[in-house]
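I have placed the structure first, in the form of structure tokens, so that the comments after it can refer back to it.
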Amino acid sequence: RAKVYGRRVELPAWREILADVVAGHYSDLDLAALVTACAGDRLDIAETIALTRAMIEVGERLTWSASPVVDKHCVGGLPGNRTTLIVVPIIAAAGLTIPKTSSRAITSPAGTA
């Protein structure tokens with residue numbers, strides 16, 4: 001509720017919030033309210049860093065035996081954009097580790113590919 005009312009959210013609170021999100025303790029309405037409260041410029045740099053750190057701490061981490069591990073990321077929302085299918089094999093052929101997962105089910109501009 002703090003963010004909904006315009007107050008700052010510190011790292012310990014972000015950890016708790018995200019742990020509850022992962023555990024499924026929030027309704028879709030609660031999550032929509034949180035995302036809306038954080039949208040745009042409503043998080044200052046310290047809050048953005050705290051949120052990012054909490055996401056790293058609460059989320060599942062993948063580890064890879066090779067280094068560096070690279071990524072090709074797209075914000076999605078561009079129908080017909082097939083650059084990933086071209087770029088990823090080229091990078092892999094160059095000997096870099098580029099784990100890539102995509103979903104054809106993402107159909108909105110809010111998705112990622």
Side-chain angles (χ1 to χ4, degrees):
R1 292 184 197 197
K3 199 68 217 161
V4 171
Y5 292 109
R7 294 191 301 268
R8 294 187 91 241
V9 179
E10 304 293 335
L11 181 58
W14 279 124
R15 282 186 193 121
E16 290 181 30
I17 291 166
L18 294 177
D20 285 343
V21 168
V22 169
H25 294 158
Y26 288 110
S27 70
D28 289 347
L29 182 60
D30 291 329
L31 293 172
L34 177 63
V35 169
T36 301
C38 295
D41 62 352
R42 295 184 179 129
L43 295 178
D44 63 26
I45 190 69
E47 282 181 300
T48 301
I49 291 169
L51 173 57
T52 303
R53 286 187 175 149
M55 290 170 71
I56 292 167
E57 293 172 15
V58 172
E60 182 179 341
R61 286 189 184 193
L62 301 175
T63 56
W64 306 97
S65 59
S67 181
V69 176
V70 297
D71 178 52
K72 185 270 179 200
H73 187 78
C74 175
V75 295
L78 300 172
N81 183 352
R82 302 290 181 253
T83 59
T84 299
L85 297 174
I86 298 166
V87 171
V88 171
I90 292 170
I91 299 298
L96 295 171
T97 300
I98 181 165
K100 187 67 190 156
T101 59
S102 296
S103 171
R104 290 178 24 175
I106 298 174
T107 58
S108 81
T112 61

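Position 1 is the first residue of the sequence; numbering continues from there.
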* Structure fact -> d(M55 CE, W14 CH2) to nearest 0.5 Å is 9.5 Å

* **Given T48, L43, V9, the one that forms side chain to side chain contact (heavy atoms under 4.5 Å, CB included) with C38** => L43

* Would you say K72 and I91 make side-chain contact, with heavy atoms under 4.5 Å? -> no

* **R8 atom CZ, neighbour heavy-atom count above 12 within 6.0 Å** => yes

* To do: Could you grab the distance from atom CG of L31 to atom CG of D28, nearest 0.5 Å is fine?
  => 6.5 Å

* State the CG-CG distance between D20 and D30, to the nearest 0.5 angstrom. => 10.5 Å

* **Closest contact, heavy atoms only, P99 versus V70** => CD-O, 4.0 Å

* Asked: Just by modelled atom types, is the R42 backbone N or O under 3.5 Å from a matching donor or acceptor in the K3 side chain?
  -> yes

* Structure fact -> CD1 (I90) and CG (L96) are apart, to the nearest 0.5 Å, by 12.5 Å

* **Minimum side-chain heavy-atom gap L51-L18 below 4.5 Å** => yes

* Answer whether the closest heavy-atom distance between the side chains of I17 and Y26 falls below 4.5 Å. => yes

* Asked: Say you draw a straight line from CD of E47 to CG of L11; how long is it, rounded to the nearest 0.5 Å?
  -> 11.5 Å

* **Side-chain donor or acceptor of E16 paired with backbone N/O of A13 under 3.5 Å** => no

